[in-house]
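First comes the structure, then the notes that go with it.
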Amino acid sequence: MPEGHTIHALADRLTRAFGDSPVTATSPQGRFTADAALLDGRVLEDAAAAGKHLFVDIGDRILHVHLGLIGTFPVIPITDDKPPDPVGTVRLRLVGQEHYADLRGPMVCALIDLDTREAIRSALGPDPLDPAADPGVALMRIRRTRRGIGALLLDQAVVAGIGNVYRCEVLHRHRIDPFAAGTELTEELWWTIWADLVRLLPLGVAFGQILTLAEQVREAEQLVADGRAGPITRSLTGERLGDYFERRFATYQRAGEPCHRCGTILRGEKVSGRRLYWCPGCQTRH
DNA sequence: TATATATGGATAA
DNA sequence: TATCCCTATATAA
């Protein structure tokens, strides 16, 4: 269930649950046994996200995790004196003093060196959750291709961390035709998209769910302003206590239903392998 | 039991 | 564009 906000929140949870203390590392599933042994007993120094990539410094090793489409990495408090037996297919289990974390179904789980991490990072476009990100890099890459903006937003070399939900929803929020060519996207419109992503993604981190409907965004921002965001919906460790907001979107998985803005029937079609949801009635901006 | 689907992405053709 | 990988869950048969 991961777009960039999920990985950034996960990095934060791992750091808070295990930071600066030793962890035991095992591979109950058996596919990561030898590498887990290299991490076992070492200190987890830091966990950080870049787009949808997670990097965890353990001892002098770097653990690289990418959850892909189906991966999960819940960090859970230890309630008895030791963690329960693993349930399902656990590639990697980390255990600290008060928490344990089970990694299931990752697309990538590997130990890498500094150069590899740098290569992965440098291949990514700007990440809206990175305060140092340069959105101009994305604009350059958008303006030199005729590929549609809908496809470009999913390209991690253009923008890092955006997935299928955010791309569909942000295009609808600004009435943008997903098939508008990158070459014809105005600079002003790109700044609008970027600013909106910088606004939306942190709400996704704070609430543990993607919020894009105007009224939900407004309420979420008010809760943040009141200092009530974050632990509302999830414990420190990401244990799911239920979503604070009802799960609702303007376009995502609403093909065949009417657009709440103009009434046109929404469409959902595979575009370059992923299902794109959009409103042909009001998403006409180029 | 089998199949479809999922907030992703690499690789083959 | 098609196929494959990773896993869990929902729905169909």
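Below, chains carry the letters A, B, ... as their sequence lines are ordered, and counting in each starts from 1.
Remark: the A:D12 side chain and the A:T15 side chain contain no N/O donor-acceptor pair separated by less than 3.5 Å.
Distance noted for atom P between B:dA4 and C:dA2: 16 Å (whole Å). Distance noted for atom C1' between C:dA8 and B:dA10: 22 Å (whole Å).
Two residues are said to be in side-chain contact when any heavy atoms from C-beta on lie closer than 4.5 Å; A:L44 and A:D20 fail this criterion.
Per the geometry, CG belonging to A:L154 stands 10 Å off C1' belonging to B:dT7, to the nearest Å. Atom NZ of A:K270 and atom C1' of B:dA4 are 10 Å apart (whole Å). A:L67 places its CG atom 13 Å from the P atom of C:dA8, with the value rounded to the nearest Å. As rounded to whole Å, 18 Å separates atom P of B:dG8 from atom CD1 of A:I120. Atom pair A:L10:CG and B:dT7:P shows a separation of 19 Å (rounding to whole Å applied). Put simply, CG on A:L200 is 18 Å from P on B:dT7, counting in whole angstrom units. Nucleotide B:dG9 holds its P atom 4 Å from the CD atom of A:Q156, rounded to whole Å. At whole-Å resolution of the value, CD1 in A:I70 and C1' in C:dA8 are 8 Å apart.
Nucleic acid contact for A:G273: none, since no nucleic acid atom lies under 4.0 Å from a heavy atom of the residue. Nucleic acid contact class of A:F249 (heavy atoms, under 4.0 Å, all strands): none. Counting any heavy atom pair closer than 4.0 Å across all strands shown, A:R31 reaches sugar-phosphate atoms only and no base atom.
For A:R274 and B:dG8, the shortest distance from a side-chain N or O to OP1 or OP2 is below 4.0 Å. Residue A:T89 places no side-chain N or O under 4.0 Å from the OP1 or OP2 atom of C:dC6. Regarding contacts with the backbone of B:dT7, every side-chain N or O of A:K52 stays at 4.0 angstrom or more from both OP1 and OP2. In this structure, A:R91 does not reach the C:dC6 phosphate: none of its side-chain N or O atoms is under 4.0 Å from OP1 or OP2. Applying the 4.0 Å criterion to OP1 and OP2 of C:dT7, one finds that A:Q29 has a side-chain N or O inside that range. Taking side-chain N and O atoms only, A:R167 has no distance below 4.0 Å to OP1 or OP2 of B:dT7. Within the structure, every side-chain polar atom (N or O) of A:H5 is placed at least 4.0 Å from both OP1 and OP2 of B:dT7.
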side-chain contact (heavy atoms from CB on, under 4.5 Å), that's the test. Do A:L39 and A:R61 meet it? Break it down for me.
CA-CA 7 Å; A:L39 304 176; A:R61 305 277 178 165; 3.8 Å; yes
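Side-chain to base pairing of A:R275 with B:dT7: no donor and acceptor N or O lie closer than 3.5 Å to each other.
In this structure, B:dT7 makes no Watson-Crick or G-U wobble pair, since no nucleotide meets both defining distances under 3.5 angstrom.
Between A:Y252 and A:Y277, the two ring planes are perpendicular [angle over 60°; tilted spans 30° to 60°]. Under the 30°/60° scheme for interplanar angles, the aromatic rings of A:H53 and A:H64 are found to lie parallel.
In this structure, of C:dA8, C:dC6, B:dA6, it is B:dA6 that holds the atom nearest to the side chain of A:Q253. Closest contact between the side chain of A:Y277 and the listed nucleotides B:dG9, C:dC6, B:dA6 involves B:dA6.
The only member of A:R167, A:R274, A:R141, A:R147 that meets salt bridge (Lys or Arg N to Asp or Glu O under 4.0 Å) when paired with A:D155 is A:R147.
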